[in-house]
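For reference, the structure discussed in these notes is given below.
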Protein chains: 2
Amino acid sequence: VRGDDARDKNLDVLRGVSMVVHEISEQECRELLARTHIARLACVSHNQPYVVPIHIDFHRDYLYGFSTQGLKIEWMRQNPLVCLEADDLSPPTHWVSVVVFGHYEELPRLPEYADLRRVAEGLFQKHAMWWEPAAAPLPGHERRLSVVYRIRIDRMTGRRASMGK
Amino acid sequence: VRGDDARDKNLDVLRGVSMVVHEISEQECRELLARTHIARLACVSHNQPYVVPIHIDFHRDYLYGFSTQGLKIEWMRQNPLVCLEADDLSPPTHWVSVVVFGHYEELPRLPEYADLRRVAEGLFQKHAMWWEPAAAPLPGHERRLSVVYRIRIDRMTGRRASMGK
């Protein structure tokens with residue numbers, strides 16, 4: 001509610017202005033991905049999209065995530081084409097949003113994925129993941145990480161808006 | 001950056017706890033949609049999802065939005081199946097997220113849509129839309145609202161998480 005009040009107050013100031021939108025460079029997209037740990041992940045089954053918030057860790061052209069078993073994992077196993085959106089919409093006078101098109105790659109608990117799982121778990125341990133149910137990757141609790149995956153970034157675009165007139 | 005610092009500080013407190021997730025009622029989903037004016041909209045073309053942040057106004061089983069022409073409008077005209085996600089992730093100790101499955105319905109500038117467009121524009125005028133490029137719905141600037149649409153809500157589910165142990 002506090003956020004809404006602040007926003008409405010700011011909006012009064014902004015009435016009568018509009019936003020000028022610019023494409024941002026790939027470097028700026030990467031900077032947003034590096035500082036953002038929440039994204040919305042969209043996947044598809046039979047032409048029906050599904051979108052949920054997830055934790056992400058950006059590392060060398062991949063976004064690492066994990067999940068308990070559920071609809072999105074099931075759908076991404078069937079169709080690895082995904083889209084992620086990460087943004088910073090909070091300031092009332094500008095916003096930045098990055099859209100990533102990519103492929104889902106699961107990192108199962110198998111010897112050939114051991115190195116990649118170590119990379120993923122190293123990233124996850126930098127940030128507690130309070131928004132995932134029973135999934136904090138604590139030592140000795142590895143079983144909680146049901147599914148570890150990464151999204152290969154095929155292409156990304158970003159936009160920044162600032163106040164115009 | 002300030003947000004990240006605050007979050008990391010809170011996360012230190014939260015390390016070692018996990019979240020308990022509950023389904024929320026349809027009424028609670030509606031309450032979130034009523035107080036939220038930003039959602040992430042996912043649409044699909046040829047099994048490829050696309051997700052972007054949009055402005056929404058919830059009114060009687062529909063979510064009203066508008067857009068300049070672009071990829072999402074093109075895709076939703078071809079395939080009206082969409083998914084929206086709205087949430088409040090900001091508090092570190094709990095979150096709430098609502099996922100809506102629905103259908104895209106365009107409200108073109110035609111006599112038979114005049115009443116619905118008036119409803120939509122009445123909703124939009126309650127909130128300046130600073131995040132849309134050159135789209136503030138000011139009197140005498142109707143041309144800026146390139147495409148007005150609504151999403152018929154077919155089904156929605158919501159989840160709330162709070163700290164467990």
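Within every chain, numbering begins at 1; the chains are lettered A, B, ... in the order of the sequence lines, protein sequences first and strands thereafter. Note that the coordinates shown come from a computational prediction; the quantities given were computed from them, not determined experimentally.
- Residue contact with chain A, scored on non-hydrogen atoms closer than 4.5 Å, is absent for B:Val100.
- For chain B, no part of A:Leu41 is nearby; none of its heavy atoms comes within less than 4.5 Å.
- B:Tyr50 and B:Val44 fall into different hydrophobic clusters, defined by Ile, Leu, Val, Met, Phe, Trp and Tyr side-chain heavy atoms under 4.5 Å apart, directly or through other members.
- With a 6.0 Å radius and a threshold of 12 heavy atoms from other residues, nucleotides or ligands, A:Phe101 has its CZ atom above the threshold.
- Residue contact with chain B, scored on non-hydrogen atoms closer than 4.5 Å, involves the backbone and the side chain of A:Asn47 alike.
- In terms of hydrophobic clustering, with Ile, Leu, Val, Met, Phe, Trp and Tyr side chains grouped at heavy-atom distances under 4.5 Å, B:Ile38 and A:Val51 are assigned to different clusters.
- The part of B:Asp87 that comes within reach of chain A is its side chain, from C-beta onward, which places non-hydrogen atoms under 4.5 angstrom from that chain.
- The heavy-atom pair separating A:Ala42 from B:Ala42 by the smallest distance is CB-CB, 3.8 Å.
- When all heavy atoms of A:Pro49 and B:Cys43 are compared, the pair lying nearest together is CG-CA, 4.0 Å.
- Atom SG of B:Cys83 is separated from atom CZ of A:Arg40 by 12.5 Å, given to the nearest 0.5 angstrom.
- Only the side chain of A:Val99 comes within contact range of chain B, judged by heavy atoms closer than 4.5 Å.
- Hydrophobic clustering (side-chain heavy atoms under 4.5 Å, transitive across Ile, Leu, Val, Met, Phe, Trp, Tyr) groups B:Val52 together with B:Tyr104.
- Of all the heavy atoms in B:Leu81 and A:His46, the pair that sits closest is CD1-O, 4.4 Å.
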